[in-house]
Structure formats: structure tokens, C-alpha cells
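Down below is the structure, laid out as C-alpha cells.
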Amino acid sequence: MDKTMTLFLLLSTLLLTTSLAKDLCHKDDKTTLLKIKKSLNNPYHLASWDPKTDCCSWYCLECGDATVNHRVTSLIIQDGEISGQIPPEVGDLPYLTSLIFRKLTNLTGHIQPTIAKLKNLTFLRLSWTNLTGPVPEFLSQLKNLEYIDLSFNDLSGSIPSSLSSLRKLEYLELSRNKLTGPIPESFGTFSGKVPSLFLSHNQLSGTIPKSLGNPDFYRIDLSRNKLQGDASILFGAKKTTWIVDISRNMFQFDLSKVKLAKTLNNLDMNHNGITGSIPAEWSKAYFQLLNVSYNRLCGRIPKGEYIQRFDSYSFFHNKCLCGAPLPSCK
């Protein structure tokens, strides 16, 4: 009798555990996810989204633990044959901290305004799609955002200056779009942390804001735009910058007056109107990437262990640079 009772209790516990496991997914989240699937035309990529199963076991998403009642916290849809627009229902997942739509070349339309409802969002990546329209002003309402990547799209219009108000922002990637206008003056006064800033391959124009010389950017890429002015403000001996890419713009300044951060590792300033000479102090710099070609530089290239590692491609098409790896100075 004792053995029978013990076996009965074990089976009851197993059945109860199995039942609970099936019901981890919050019913509101499951309803929302099924609407998202329908809005995306029920793609094979979301075949695991079966209403008869626990949504926390579905592909492309994650649920939180018991502290948030196993609500959906991450939605990651990428590398699939998916067409349509970002479903408005994404805004009905209130516990979402991470939202990713990536490498979906048939995803079109504007960035869904209902994303503004996701007040817990920390990570937003909508990249390698065919999204159009502006970079939304409403992103500045998402005060917990730490990471924004909207690269490789067809976004147009100007960059919202309000993005600088995001105190927790650590990474801002808007490269490879069709953005126009100047870099916002406010990007020289971020409210919190100074994010790594990537604005390359757009159609940005105007003079680089003087305020941009105030932050200590770890990585900044302004390459392949139509920017003008004195980009030497980005440099400084007391900064901790690692990567600076200002190539293929219309910047003009005297390079001989530039002081580099000791941490600078990658420097690309090719195809500009930079004058002066390469400072002798650069002979002590540690570069893994260096390119000053297609400018108006003159004088002898300093001799240094890391400078002479680069071939002539990094220095040619200047006014009168000379010395290894270019021909000897006369």
C-alpha cells in the first residue's frame, strides 16, 4: 500500500510539473505572438509557433524567469524568407527588452510607431532590411535603450537631435542609409554615456559641429558623407579614442597640429582636403590601420615601427609626402 501511494504521488507530481511547464507562456503574449505570425503571412521561419504548445519554447524568442511571470522578453527574427512590414503588435509585448528584425530583405515600410510602447526595451536592432521613412523621433522616449542599430536600410531625412537625451545609450549605428542634413549639435552633449557613433555611408552634409569635440568617443565613424569643416576636434592627447574614420568627406584642417590619443588604433582619413605634415610624434603611435591617402599633405613620413608597416597605398596621392614607404625625399 505504501509503495502504491508513493508511486501515485510521484506520478501526480510529474503530471503537475508537466502541466505547469506547458503553461509557462502568458496567454496575452501568446495571443500577441500569433497575431505577429499572421501579420507576417505565417512564414515557415515561424513554424514552431504552434498555439497548442508553450510559446516560451518557440523559435525566435525568449521568456524571462518567474520574477517577470515568464513574459516574453526577447524577439529575434532574422535570416528568414519573411515579407511585409514590422507588425504593429510588437508594441503589445510590454516586457520586451530586446527586439531584432535583421537580414530580412523583403521587410518594408516605416519603423513601427507602436515600438514606442516598449518602455523596457534596451536593445533595438532593425538592420539589413528595406525599411524606409525617417529615424523615428519616438526612440528618445525609450529611456532604457542602450543599443540602437538601424543600419543597412533605406531610411531618409535628418537625424533626430533628441537621441542625445538617452542617458543609457552606449551604441548608435545609423550607417548605410540615405540620411541627409547635418550631424545634430546635441551629439556633442549626450545626457549620459558617450556612445560609439556610426553614421557612415549616408548623405550627411554641413559643417561638423564644434560641440563634437567635447565627448570622448571610443569609436566614431563619419566616413562616406559630404561633411565639411575642421574634424581635428575629434582628436586629443587626453582622449581614450580607439577608432576614428572620417574618410571620403570634405574635411579641411592642418594635420601637423593634431595630437593623437595613445589608445588610437585605427585611423582612416583618406579622400579629404587635409593639409600640413604628419606629426613626428606619430612615429611612436601604435596603428593597426592607417590611411591618409588622397589629401594635400607634405613633408617626410615619420619613421616608426608601426607606420612603416603600411604600404604606399596608405599615403599616396598627397601633395608632396615623401619617405618610406613612398619615394625618398629630395
For the student: nearest non-hydrogen atoms of G91 and K117, plus distance: O-CE, 3.4 Å
Other residues, nucleotides, ligands: >12 heavy atoms within 6.0 Å of Y313 OH: no
Flag for E185-S211: side-chain donor and acceptor within less than 3.5 Å: yes
Heavy-atom neighbours of K226 NZ exceed 12 at 6.0 Å: no
Whether Y294 and H271 hold their rings parallel, tilted or perpendicular, with breakpoints at 30° and 60°: parallel
Taking every non-hydrogen atom, the tightest pair across F315 and L321: O-CD1, 3.8 Å
Shared hydrophobic cluster, V244 / F198 (ILVMFWY, side-chain heavy atoms < 4.5 Å): no
Main-chain N/O of S200 paired to D221 side chain as donor or acceptor, under 3.5 Å: no
Sub-6.0 Å ring centroid separation between H45 and Y59: yes
Under 3.5 Å donor-acceptor, T263 side chain and T240 backbone: yes
Parallel, tilted or perpendicular, as decided by the 30° and 60° cut-offs, for the rings of Y218 and W242: parallel
N202 (side chain) donor-acceptor with L179 (main chain) under 3.5 angstrom: yes
Backbone of V72 reached by a side-chain donor or acceptor of D29 within 3.5 Å: yes
Spatial distance of atom CH2 (W58) from atom CG (L34) [nearest 0.5 Å]: 4.0 Å
Under 3.5 Å: donor-acceptor pair, side chain of T114, backbone of P88: yes
Gap between atom CD of E170 and atom CD1 of I148 - 0.5 Å precision: 12.0 Å
Within 6.0 Å of NZ in K262, more than 12 heavy atoms from elsewhere: no
Polar side chain donor-acceptor pair, T129 to N153, under 3.5 angstrom: yes
Check SG atoms, C25 and C56, less than 2.5 Å apart: no
Stepwise side-chain contact (heavy atoms from CB on, under 4.5 Å) check, R71 with D28: CA-CA 9 Å; R71 301 298 297 263; D28 292 345; 4.3 Å; yes
Test item: N41 side-chain N/O and P43 main-chain N/O as donor-acceptor pair under 3.5 Å: no
Enclosure of R167 CZ (heavy-atom neighbours >12, cutoff 6.0 Å): no
Closest contact, heavy atoms only, D149 versus R125: OD2-NE, 3.1 Å
Shortest non-hydrogen separation from Y95 to N120 and the atoms involved: CA-ND2, 4.0 Å
Aromatic contact, F287 with Y306 (centres under 6.0 Å): no
Over all atoms of both residues, closest heavy-atom pair of C55 and K30: N-CE, 4.1 Å
Single-linkage hydrophobic cluster, 4.5 Å side-chain cutoff, I76 and L96 together: no
Whether F152 and W128 hold their rings parallel, tilted or perpendicular, with breakpoints at 30° and 60°: parallel
Closest non-hydrogen atom pair, E89 against I36: CB-CG1, 3.8 Å
R300 atom CZ, neighbour heavy-atom count above 12 within 6.0 Å: no
Exam field: side chain D154 to backbone S156, donor-acceptor pair closer than 3.5 Å: no
pair L255-P279: side-chain heavy atoms closer than 4.5 Å: yes
Option from I159, N177, L222, L174 for which side chain to side chain contact (heavy atoms under 4.5 Å, CB included) with L204 holds: I159
Beyond-backbone contact of T122 with Y147, side-chain heavy atoms, under 4.5 angstrom: no
Note: D216-K239 ion pair, threshold 4.0 Å (strictly below): no
Main-chain N/O of L289 paired to D268 side chain as donor or acceptor, under 3.5 Å: no
Any side-chain heavy-atom pair of F253 and I208 under 4.5 Å: no
Single-linkage hydrophobic cluster I301~L264, side-chain heavy atoms < 4.5 angstrom: yes
Same apolar cluster (I L V M F W Y, side chains within < 4.5 Å links), I233/L199: yes
CA sep, side-chain torsions, deciding dist, call: F235, T241, side-chain contact (heavy atoms from CB on, under 4.5 Å): CA-CA 8 Å; F235 302 94; T241 315; over 6 Å; no
